[in-house]
2 protein chains.
Amino acid sequence: MDYDLLKANFSRYTELTPAELTQVCTYYQERHISKGEYVLRKGEVCRFEGFVVKGCFRVFTIDDQGNERILYFAAEDWWIMEIDSFINQTASELSVQAIEESTILYITYSAKQELYNTLPKVERLFRIMSQTAVAAWQRRLIRNHSMDAEQRYHHFITAYPEIARRITNRHIASYLGITPEFVSKIRKRRLSNKG
Amino acid sequence: MDYDLLKANFSRYTELTPAELTQVCTYYQERHISKGEYVLRKGEVCRFEGFVVKGCFRVFTIDDQGNERILYFAAEDWWIMEIDSFINQTASELSVQAIEESTILYITYSAKQELYNTLPKVERLFRIMSQTAVAAWQRRLIRNHSMDAEQRYHHFITAYPEIARRITNRHIASYLGITPEFVSKIRKRRLSNKG
DNA sequence: TGCATTTATTGAACTAGTTCAAGCTTTTTT
DNA sequence: AAAAAAGCTTGAACTAGTTCAATAAATGCA
C-alpha cells in the first residue's frame, strides 16, 4: 500500500515527523470502488473520511424534484466525506459516487476519534485543513456571484484541466449550476471565437 | 467586560470547564468600532480574529471594476476575520466594515498561537468550529444553485429576520447576488400576492 | 431646520440563460 | 456486432433577472 500521496497531503498543513506521518497512516485502510458505485447516499450516516488515491468521485445533492447538483469533484489528492454527517454522526445531505474505477484510503469515525486522542498534533492538522477549506468555499461563492456562466466555465477548465477532461459536459453543467445545453452553447461560442 | 456570549459560542463546539473557558477569554480584548469604520481592508494582513458582541458588520470583496459583493453579515455571536489571511498572515481578499456602532472581542495572531500552545483543547474547539463552517458554506453554495432569486430572498429573511431588519435592501441584494432593483420587484410581488 | 446624499420604487427595453424538441454521436450492454 | 441507452448539439420560443432612467422617500449632516 502506498501512503505517499496521503503523507504529502498532510504535510501541506502541518509539520509532522516521518514517524508521526507513518503512525497516522496506520489508521487508514485501502478500499477499491468500482465505477458507478456509491460510497455514501443521502440520508445515511457518513461513517468514514476518505482520501482519493486513484480515480474520481462526484459529491452531490438531490433536491425534492429529484434534481442533482454537483457540489464538487474529488480526484486524486482530494477528500470525500459529508463533513457535517461525519462529525455529528447524523443523516447525510450529500451523496458520493465514483465516476471512475477508484481507490481510496479511509478512516472510520471511531478510528478518527482514537487518532485525535493518541496524537494531538492531528487536531491541529485538521484544524488548519478545515480553515483552508472554509477560505476555498468562500472564494468559490464569490466567484459564483461575480462571474457569468461563460467565465465560470472558463475558470473551471483552466483551474482543473485534468478533471475537466475526465468528466462529461452534463457533470460540468451541474457543477457550474447551468444546463448542459448552455454548456454546449458556451463551447461553440469559444470555438468560433478562436477559429 | 462580558464574556458570556463568547463562552456560550465556544461551548457549542467543545466541552470546556468553567475555568478553561475563563482562561481562554483572557486572551480576548474588547474594542469599540463606530458605524462605517473598517476593521480590515482588502490587501492588508488580517492580524486579529474578532467575535461580535454588539452591532453588525459586512464582510465583502471588491472586484476589478469596483463592484462590491457581500459574502456575509456578522451580527452578535458571529465571527469576523479573513480566515486565509489570518492563518497564513498574507494579504486579505476581503474587507470588513461596521454597519452599526459595534463592540467586538478580538485576539491577535500571536496571542492565538500562544493560546493553541497553552491549551491544546482549543485546537479541537477551532477544528470543530471550522468543520461546521465548511458544512455551512457548502449548504449555502447548494442553495445558490438550486433556488431562484425570490426563493433566496425568502430564505434569507426567514433564516435571519433579525439581520434583515437591520440592513438596507442594497446590502441584501449584494449578499444574494442580484440587483437592488430586482429586490424591489421581488418585495412588490410578495406584497401583492399576500394582499 | 433645511440641504445634500443616499436609498427605494417603478417601468421599458434588453440579455443571459432555460426549456423543449429533434437529430446525431458516443458509450454501454448483450 | 447490434441494440439500447446516454450524452452532445442546435434552434426557436420563452423567462428570470439586468440596465438605464426618472421620481419619490428616507437619512445624514451642518
Side-chain angles (χ1 to χ4, degrees), chain A residues 34-37 55-56 58 60 62-63 65-70 73 97-101 143-157 163-195, chain B residues 34-37 55-56 58 60 63 65-70 73 97-102 143-157 163-195:
Chain A
S34 35
K35 184 174 175 174
E37 194 180 331
C56 190
R58 64 187 183 116
F60 63 104
I62 309 164
D63 69 16
Q65 289 91 50
N67 301 314
E68 294 179 358
R69 310 270 168 188
I70 296 179
F73 300 101
Q97 184 187 29
I99 54 181
E100 295 177 358
E101 288 292 307
R143 272 203 302 279
N144 273 282
H145 276 184
S146 49
M147 293 179 172
D148 66 17
E150 181 160 2
Q151 291 170 319
R152 258 146 51 216
Y153 175 81
H154 183 240
H155 177 272
F156 178 74
I157 62 164
I163 291 179
R165 269 195 306 100
R166 288 156 70 177
I167 63 180
T168 64
N169 268 8
R170 311 186 78 76
H171 282 161
I172 296 185
S174 173
Y175 173 89
L176 296 175
I178 57 178
T179 58
E181 291 90 335
F182 198 60
V183 170
S184 272
K185 284 162 197 176
I186 289 170
R187 285 157 66 102
K188 190 188 179 187
R189 214 183 300 173
R190 291 181 61 75
L191 281 173
S192 53
N193 284 349
K194 283 183 180 172
Chain B
S34 35
K35 184 172 175 176
E37 195 181 331
C56 191
R58 65 186 183 116
F60 64 102
D63 69 18
Q65 290 90 50
N67 300 315
E68 294 180 358
R69 311 271 168 186
I70 296 179
F73 300 102
Q97 184 189 29
I99 54 181
E100 295 177 359
E101 287 293 307
S102 305
R143 273 203 302 280
N144 273 284
H145 276 185
S146 49
M147 293 179 170
D148 65 18
E150 181 160 3
Q151 291 170 321
R152 257 146 50 216
Y153 175 81
H154 184 240
H155 177 272
F156 179 72
I157 62 166
I163 291 177
R165 269 194 307 100
R166 289 157 69 177
I167 63 180
T168 64
N169 268 8
R170 310 186 78 77
H171 282 159
I172 297 185
S174 173
Y175 174 88
L176 295 175
I178 58 179
T179 58
E181 291 91 335
F182 199 59
V183 170
S184 273
K185 284 162 195 174
I186 289 171
R187 284 157 68 102
K188 190 187 178 189
R189 213 183 301 173
R190 293 180 60 76
L191 282 172
S192 53
N193 284 350
K194 283 184 179 172

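Each chain gets a letter, A, B and so on, in the order its sequence line appears, and its residues count up from 1.
For A:Thr179 (side chain) and A:Phe182 (main-chain N/O), a donor-acceptor pair under 3.5 Å exists by modelled atom type. Formation of a donor-acceptor pair under 3.5 Å by the A:Arg166 side chain with backbone atoms of A:Gly55 is found in this model. Between the side chain of A:Arg152 and the backbone N or O of A:Met147 there is at least one donor-acceptor pair closer than 3.5 Å. With hydrogens and angles ignored, the 3.5 Å screen pairs no side-chain donor or acceptor of B:Arg58 with any backbone N or O of B:His171.
Listed by first residue number, the stems of DNA chain D with at least three Watson-Crick or G-U pairs below 3.5 Å are C:1-30 with D:1-30.
Checked options B:Phe156, B:Phe60, B:Tyr153; the residue passing with B:Tyr175 is B:Phe156 (criterion: ring-ring contact (aromatic ring centres under 6.0 Å, His included)).
The shortest side-chain heavy-atom distance between B:Ile99 and B:Phe73 falls under the 4.5 Å cut-off.
Straight-line distance from the NZ atom of B:Lys35 to the P atom of C:dT6: 14 Å, rounded to whole Å. In this structure, B:Phe182 atom CZ and C:dT10 atom P are separated by 14 Å, rounded to whole Å. What separates CZ of B:Arg187 from P of C:dT7 is a distance of 14 Å, to the nearest Å.
Between chain B and DNA chain D, the heavy-atom contact criterion of under 4.0 Å yields a 5' to 3' nucleotide range of D:dG17 to D:dG28.
For the atom pair NE2 (B:His155) and CD (B:Glu150), the distance works out to 14.5 Å, reported to the nearest 0.5 Å. Taking CD1 from A:Ile167 and CZ from A:Arg170, the interatomic distance works out to 13.0 Å, rounded to the nearest 0.5 Å.
Along DNA chain C, the nucleotide closest to B:Glu181 and the one closest to A:Met147 are compared, and the more 5′ of them pairs with B:Glu181. Each of B:Thr168 and B:Lys185 has a nearest nucleotide on DNA chain C; the 5'-most of these lies closest to B:Thr168.
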